[in-house]
S.K.: 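I am attaching a structure below and will ask some questions about it afterwards.
Residue numbering restarts at 1 for every chain, and letters A, B, ... go by the order of the sequence lines.
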Amino acid sequence: MRWSQTLIPTLRETPQDAEIASHTWMLRAGLIRKLAAGLYTFLPVGLRALRNVEQIIRQEMDRAGALEVLMPALQPREIWETSGRLQTMRQVMFKVRDRQDRELVLGPTHEEVITELVAREIHSHRQLPRTFYQIQTKFRDEIRPRFGLMRAREFIMKDAYSFDPDEESLEQSYRAMYDAYTRIFDRCGLRVKIVEADTGAMGGNSSHEFMAIADAGEDGLVECDACSYAANLERAERARRPATVSSPGSSPTLVATPGARTIEEVSAFLHLPPSRLIKTLVYLADGKPVAALVAGDRDLNEVKFARALGCTELGMADPETIRHVSGAPVGFTGPVGLSIPLYADHGLEGASEMAVGANQPDGHLIHVALPRDAKPVGWFDLANARTGDPCPRCPKGTLREMRGIEVGHVFKLGVKYSEAFQAIFLDAHGRKNTIRMGCYGIGVTRTLQAIIEQCHDEEGILWPASVAPFHVALLPLAPDAKTLQIATHLENALQKAGLESLLDDRDERPGVKFKDADLLGCPVRIVIGERGLAAGKVEIRRRNSRESQMVPIEEAAARVEAFLS
RNA sequence: CGGGGCGUAGCGCAGACUGGUAGCGCGUUUGGUUCGGGACCAAAAGGUCAAGGGUUCAAAUCCCUUCGCCCCGACCA
């Protein structure tokens, strides 16, 4: 490919909307351009990299025995009624109407479509197991599109769906996808952690997320330093450790804390660290007020709280309700004397000498000991896990927090969709059975951005060879015919070796070509300049290590191959 | 949807408080010189200052409304 024949609009400055490195580089290297919030055009170079990621995914899916299909993005609303997700996913669904005023949905995912298909076409155990996949555009009306391709409203996803006759077979299909995902992200050059995850709106019983480790990631996760435990923060447990019981000490005493509402304010006012305060958070669980108690330096995890309560709807209580149940404005609620059910984090078991809201305006209680002065209905793991917490799975391990980008997610769905769509088969004995399902997603466009988030430096992108839009950047420094002729010769030699190159044939000064080549980030750069040409040599340089060497022109292609293997 | 910020040339920004000529850098076009880390000289093009309304002799600037974009929270690949 010749630079002068394509469109690579590199930018010298960071565009205003770019907030994180990968977004900045995608824009500056001319890979994508924004049309509107969460909607992006892939330019030629960006598309090449995207296709490379897709190809890796396709190869590994095929290798795992999955069958490629292509389903419509436009879907009738009826199938969403059948699954019951018209309601549960309504916030993210784009809807359109046809000329007869029928409502259609732009597919945010394809469980409904594939299950409807399978219910029609698969009737026998002889047709099972099967796994289908597609690489296709999804539409989600995200509450907040963010960071370029990281969270877009229209994006490309690889989604796969497995259909098995029983749990054991599902386990195998799940494992096959899990292993394929591991290989895919490895081939893409991504460092990922596999974590236990919450199943969310997808439903089903168990799931794992593939997290590309990055500080800019939207998800928190924890990992044990001793065993293999790793989990999304939404779900991460922490071991319950017996409290170091100190004697309860003096009885609760009221102190005036005018205007001190937040943990920080109370902490500063009473000269106590936040860990010595107890947060009392009033929630409405299926309409009934309840309170969660966690240490002042901890965050309540609502997913865990909902699980402890066994409720279906959970939300923070409004100020009116809080005033009603506690007799004080927001900021002065405490467990002592509170008449609603108290759910306490197990880290507070046996805690004494704590400070809590006094349930009256501008007052807090000190010298509070928990089981003595307020009796929770039980002790639960309610707070988010964090660095330093004990591992829930092994005796010695300590958890460590990190951030990640969710690039893949695998679910064991069970029969949620197959029951709704009557996906039933006859087993070897002629008995009717419901098909077991699994579903497996990779955010393809997100993966591409995650790669850049992990592989860049202060000059630009550092593509792994497997996904690089070009293997080699060819830079003829002088615009004369002879230099260009050698560059063309090298282009052909590389092509014969199966390597793709970008020949920068623009009439630009060397500095501009160097800067743009660094921005683009092809793994290898060949410079054809006067310095080497005098000795019949060109310079070969690796983008990531910046090592370079002069090699004879005729050996260049072979040397590049060696670099890339 | 709640909170915060921003819309001025293709990109990055100044001008706004204190109303009166639309400006800077980069990029673009043409000509010339230059050619191993974002060159230099000369000339040129490019703007209904997001949109609509109001105040005023006069609005990019003050007021109101709307729209768009970005960031922080609840959702997800």
Side-chain angles (χ1 to χ4, degrees), chain A residues 9-20 23 27-28 30 33-39 57 88-93 108-110 135-160 181 185 197-202 207 209-212 217-219 232 234 299 302-303 314-316 404-411 439-450 459-460 475-480 483 506-519 525 527-533 538-539 541 546 548 550:
Chain A
T10 56
L11 267 23
R12 293 191 181 210
E13 288 170 291
T14 300
Q16 204 191 316
D17 342 343
E19 202 68 25
I20 64 172
H23 189 196
L27 291 167
R28 286 197 53 191
R33 284 294 182 264
K34 182 173 74 183
L35 173 66
L39 303 175
I57 292 171
T88 55
M89 290 192 75
R90 68 179 182 281
Q91 314 96 309
V92 298
M93 284 204 285
T109 175
H110 281 70
I135 295 174
Q136 186 256 13
T137 302
K138 299 284 184 276
F139 299 86
R140 293 189 189 174
D141 192 0
E142 289 289 345
I143 300 162
R144 182 147 90 90
R146 247 207 290 215
F147 302 148
L149 303 180
M150 203 74 102
R151 176 179 298 279
R153 293 194 291 176
E154 177 178 333
F155 62 98
I156 296 174
M157 174 158 137
K158 187 288 300 175
D159 45 324
Y181 275 35
F185 296 122
D198 199 68
T199 50
M202 211 54 78
S207 80
E209 286 170 334
F210 290 70
M211 294 285 193
E218 294 186 280
D219 292 274
N232 191 306
E234 287 173 354
D299 294 321
E302 292 188 5
V303 177
L314 181 69
M316 287 194 82
I405 300 163
E406 184 189 347
V407 287
H409 200 159
V410 294
F411 300 81
C439 74
Y440 316 91
I442 291 178
V444 183
T445 38
R446 182 184 281 179
T447 296
L448 183 69
Q449 186 163 342
E459 297 295 328
L475 308 197
L477 290 191
D480 61 277
T483 310
R506 293 175 300 171
D507 184 14
E508 288 288 355
R509 292 172 57 86
V512 174
K513 294 189 180 186
F514 287 140
K515 286 288 184 188
D516 276 346
D518 286 346
L519 252 182
R525 184 184 85 184
V527 173
I528 305 108
E530 235 171 77
R531 274 185 200 171
L533 250 33
V538 291
E539 183 207 43
R541 190 170 103 137
R546 303 191 182 186
S548 70
M550 303 300 292

S.K.: Let me know the distance between CE of A:M89 and C1' of B:A74, rounded to the nearest Å.
M.R.: 16 Å
S.K.: In whole Å, measure the gap between the P atoms of B:A22 and B:A50 for me.
M.R.: 16 Å
S.K.: At under 4.0 Å between heavy atoms, what does A:K513 touch on the DNA or RNA strands: base, sugar-phosphate, or nothing?
M.R.: nothing
S.K.: Output the rounded distance in Å from CD1 (A:I143) to P (B:C71).
M.R.: 15 Å
S.K.: Using a cut-off of 4.0 Å between protein heavy atoms and nucleotide atoms, how would you tag nucleotides 4-11 of chain B 5' to 3' with B, S and -?
M.R.: --S----B
S.K.: Over how many whole Å does the gap from A:D516 atom CG to B:C26 atom C1' extend?
M.R.: 14 Å
S.K.: When you compare the side chain of A:Q91 with that of A:I143, does any pair of heavy atoms fall below 4.5 Å?
M.R.: no
S.K.: Pick the C1' atom in B:A9 and in B:G46, then give their distance to the nearest Å.
M.R.: 6 Å
S.K.: Looking for any heavy atom pair under 4.0 Å, which part of the strands does A:A36 touch: base, sugar-phosphate only, or nothing?
M.R.: sugar-phosphate
S.K.: Can you check the A:E302 CD to B:G73 P distance for me, whole Å?
M.R.: 14 Å
S.K.: In Å and rounded to the nearest 0.5 Å, what is the CZ to CD distance from A:F514 to A:E459?
M.R.: 12.5 Å
S.K.: Are OP1 or OP2 of B:C70 and a side-chain N or O of A:R144 less than 4.0 angstrom apart?
M.R.: no
S.K.: Looking across every strand, which nucleic acid part, if any, lies under 4.0 Å from A:A152 by heavy atom: base, sugar-phosphate, or nothing?
M.R.: base
S.K.: Would you classify A:F147 as touching base, sugar-phosphate or nothing, given that sugar-phosphate means primed atoms plus P, OP1 and OP2, and contacts are heavy atoms under 4.0 Å?
M.R.: sugar-phosphate
S.K.: For A:E218, does the CD atom have more than 12 heavy-atom neighbours from other residues, nucleotides or ligands under 6.0 Å away?
M.R.: yes
S.K.: Can you measure A:H110 atom NE2 to B:C76 atom P for me and round it to whole angstrom units?
M.R.: 18 Å
S.K.: If pairing requires Watson-Crick or G-U wobble contacts with both distances under 3.5 Å, which nucleotide is the partner of B:C76?
M.R.: none
S.K.: Between A:F155 and A:L519, which residue's closest nucleotide on RNA chain B lies nearer the 5′ terminus?
M.R.: A:L519
S.K.: Between A:E209 and A:A197, is there a donor-acceptor pair closer than 3.5 Å when you use the side chain of the first and the backbone of the second?
M.R.: no
S.K.: Paired with B:U33: which nucleotide, if any, by Watson-Crick or G-U wobble criteria at under 3.5 Å for both distances?
M.R.: B:A39
S.K.: Measure from the side-chain N and O atoms of A:T483 to the backbone N and O of A:P479, and report whether any donor-acceptor pair falls under 3.5 Å.
M.R.: no
S.K.: Check if the side chain of A:R12 and the base of B:C26 share a donor-acceptor pair of N or O atoms closer than 3.5 Å.
M.R.: no
S.K.: Taking only residues two or more places apart in sequence or in another chain, which ones pass salt bridge (Lys or Arg N to Asp or Glu O under 4.0 Å) with A:D17?
M.R.: A:K34
S.K.: Which of these nucleotides, B:C69, B:C72, B:A77, is closest to any side-chain atom of A:E406?
M.R.: B:A77
S.K.: Taking the P atom of each, how far is B:U66 from B:A58, in whole Å?
M.R.: 26 Å
S.K.: If you go through the side-chain atoms of A:R28, does one of them form a donor-acceptor pair with the base of B:G12 closer than 3.5 Å?
M.R.: no
S.K.: Might you list the N or O atoms of the protein lying below 3.5 Å from N or O atoms in nucleotides 33-37 of chain B, with each pair's distance?
M.R.:
unit_1, atom_1, unit_2, atom_2, d
B:U34, O2, A:R509, NH1, 2.7
B:G36, O2', A:R531, NH2, 2.4
B:G36, N2, A:E539, OE1, 3.3
B:G36, N2, A:E539, OE2, 3.3
B:G37, O6, A:R525, NH1, 2.7
B:G37, O6, A:R525, NH2, 3.1
B:G37, O6, A:R541, NH2, 3.4
B:G37, N1, A:D518, OD2, 3.0
B:G37, N2, A:D518, OD2, 2.4

S.K.: Which class fits the ring pair A:F210 and A:F185: parallel under 30°, tilted 30 to 60°, perpendicular over 60°?
M.R.: tilted
S.K.: In whole angstrom, what separates A:E218's CD from B:C72's C1'?
M.R.: 12 Å
S.K.: Mapping A:R153 and A:G441 to their closest nucleotides on RNA chain B, which lands nearer the 5' end?
M.R.: A:R153
S.K.: Could you check how far CD of A:E209 sits from P of B:C75, rounded to whole Å?
M.R.: 13 Å
S.K.: For B:A60 versus B:C76, give the span between their P atoms, rounded off to a whole number of Å.
M.R.: 47 Å
S.K.: Return the value, rounded to whole Å, for the distance between atom CG of A:L149 and atom P of B:C70.
M.R.: 13 Å
S.K.: When rounded to the nearest Å, what value does the distance between C1' atoms of B:C11 and B:G52 take?
M.R.: 28 Å
